[in-house]
Amino acid sequence: MAKAAYNGFSLTEEAVAKCLEISRNELDEIVLHFDSDPDDQWSLVEGEHFIFVNKGLGERAFSLRGAHAIAEYIRATTPSSFWENFLEFVTRHKTRIRESLVAAHIVQNSESLILRAKWHFLSKSDTTKILGTSPARLNRSFQELQAASLMRQGVDFLDEEGLRFYSIRGVSRLAEDLGSKLTSKERQLWCQAVKMTGNKTIKMLASAEDQRQVRIAVPVQGV
Amino acid sequence: MASVAANTKDPTARLNSLIRVEISRILSLQEINQEDLESFAQFVIANHKKKEPKPAKPKPLKAAEIKAAVYDYFGVGEKRTVTALRKSSRFQMETEGMDLPSLSSADGWKTLYREFVGYLPGEEFQSGHGCINGVNVFQYFKPWRVFGLDPATATQDDKKTAYYELSKRYHPDNQETGDARIFDLIKNMYASISAEA
């Protein structure tokens, strides 16, 4: 398989099981049962959530979205005791695991981050990847938000050199819209998670980028 | 006959809104017959002395109600404090880059309400400086209403025409009605509604 095909599918089954604190067997069972009901809202899509590393052996590699989908599936379908719920409420342990998967995905797709006036913007291409949707669906969401007076030029979006960029607020609004309208439960939950985690992650990236700019600027000033 | 003569000078002067609405209804009928006219005459006899109903004055929201609506919008749950609001992920994302108003004053909360929740009671149809089609452009980002367009049907040409008309009025070069701040806001509104996806 070409190396490019592995891009974004960096998690081995072993790594996913370890990350979600389940055994390999449990992971296999979950993956097997994930698609058992074609009428439910859960699905693992090849090329989006996982790829086969060895189809004969059924060995897969997962994307961060794939791992997140499994985490959400476990949360939705595994009954937990009062004590487990209480522990989660106090420690937010599993929530943090899910958030870290989303944050890592955002970091992987934020190369275009730019600062204009007081707003940080991401390219449309990165926004599409972060929200795990298609350009066409993102366009529709933009048009709906535009019709509802919720997309302000310079604040929510920006067009620069023929390219569209979305601010953190713009991404949040798109995530909100998609999170409530997408048909797939997994996609909805993913967008909602981006909305929750996006700000912290993008700001962290922005801060790192600002510091990098300062480091670049210092020797220039010294010349 | 003197009173009839007085009425003929300004036939609508003494007609209340009930009668005017009834006239509009009758005029919209396909055919008007004697029965309709008699029933209209009866309606006039019964209603011509009735006083105009006073337009209901919108009740202003209490400070607590404004705060509650803002907390709801940003999904702040049980612990409704300014700290909890500032920590809320949605608040941080939506207000990134925004000059946040002071939340120790009622005006600050009103600003957030206008920006994120909607019209404050009594502010939906405003008039005066900065108000276009009832919208105070300094307070609200409502480009479709300001441009008098329906987002479902407006074409790019409609947007351009509406923008051109407003620009003529508010361009700073217009000595009589020009206003640079309003013009900038209109320009931004046009860019916002005319952008392709």
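Order of the sequence lines fixes the chain letters, A, B, ..., with proteins taken first and strands second; residue numbering starts at 1 for each chain. Not measured: the values here are computed from a predicted model.
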- Going by an N to O cut-off under 4.0 Å, is there a salt bridge joining A:Glu176 and B:Arg90?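 Between B:Arg90 and A:Glu176 there is a salt bridge, with a charged N closer than 4.0 Å to a carboxylate O.
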- Which heavy atom in B:Met98 sits nearest to a heavy atom in A:Trp119, and how many Å separate them?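 Answer, listing the atom of B:Met98 first, then A:Trp119: N-NE1, 4.3 Å.
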- Message: Tell me the closest heavy-atom pair linking A:Thr197 and B:Ser89, and the distance in Å.
- Response: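 Answer, listing the atom of A:Thr197 first, then B:Ser89: N-OG, 4.4 Å.
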- Backbone of A:Gln146 reached by a side-chain donor or acceptor of B:Trp144 within 3.5 Å: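 Between the backbone of A:Gln146 and the side chain of B:Trp144 there is a qualifying donor-acceptor contact (under 3.5 Å).
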- Item | Donor-acceptor pair, side chain of B:Glu94 and main chain of A:Ser172, under 3.5 angstrom |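 Not confirmed, B:Glu94 side chain does not pair with A:Ser172 backbone.
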- In terms of heavy-atom pairs under 4.5 Å, which option from B:Ala152, B:Pro151, B:Ala154 contacts chain A the most?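 The candidate making the most pairs under 4.5 Å is B:Pro151.
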- Of all of B:Gly75, B:Ser88, B:Ala191, B:Ala195, which one pairs up most often with chain A through heavy atoms under 4.5 Å apart?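 When all of B:Gly75, B:Ser88, B:Ala191, B:Ala195 are compared, B:Ala195 has the most.
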- Task: Go through the steps for B:Glu196 and A:Lys124 under the test salt bridge (charged side-chain N to carboxylate O under 4.0 Å, His left out), then give the verdict.
- Result: CA-CA 13 Å; B:Glu196 299 284 354; A:Lys124 181 179 173 181; over 6 Å; no
Would you find more than 12 non-hydrogen atoms of other residues, nucleotides or ligands less than 6.0 Å from [X] atom [atom1]?
| X | atom1 | answer |
| --- | --- | --- |
| A:Lys181 | NZ | yes |
| B:Gln34 | CD | no |
| A:Glu46 | CD | yes |
| B:Arg181 | CZ | no |
| A:Phe86 | CZ | no |

- Task: Would you sort out whether A:Lys118 and B:Asp99 count as a side-chain contact (heavy atoms from CB on, under 4.5 Å), showing the intermediate values?
- Result: CA-CA 9 Å; A:Lys118 294 172 287 176; B:Asp99 291 325; 3.1 Å; yes
- How would you list, in number order, the residues of residues 151-164 of chain A that have a heavy atom less than 4.5 Å from chain B?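 Answer by number: A:Met151, A:Arg152, A:Gln153, A:Phe157, A:Asp159, A:Arg164.
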- Query: Should B:Glu96 and A:His120 count as side-chain neighbours, where that means a heavy-atom distance under 4.5 Å?
  - Reply: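 Answer yes - side chains close enough.
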- Message: For B:Phe116, which atoms come within 4.5 Å of any heavy atom of chain A: side chain, backbone, both, or neither?
- Response: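 Side chain of B:Phe116 only, per the 4.5 Å heavy-atom cut-off to chain A.
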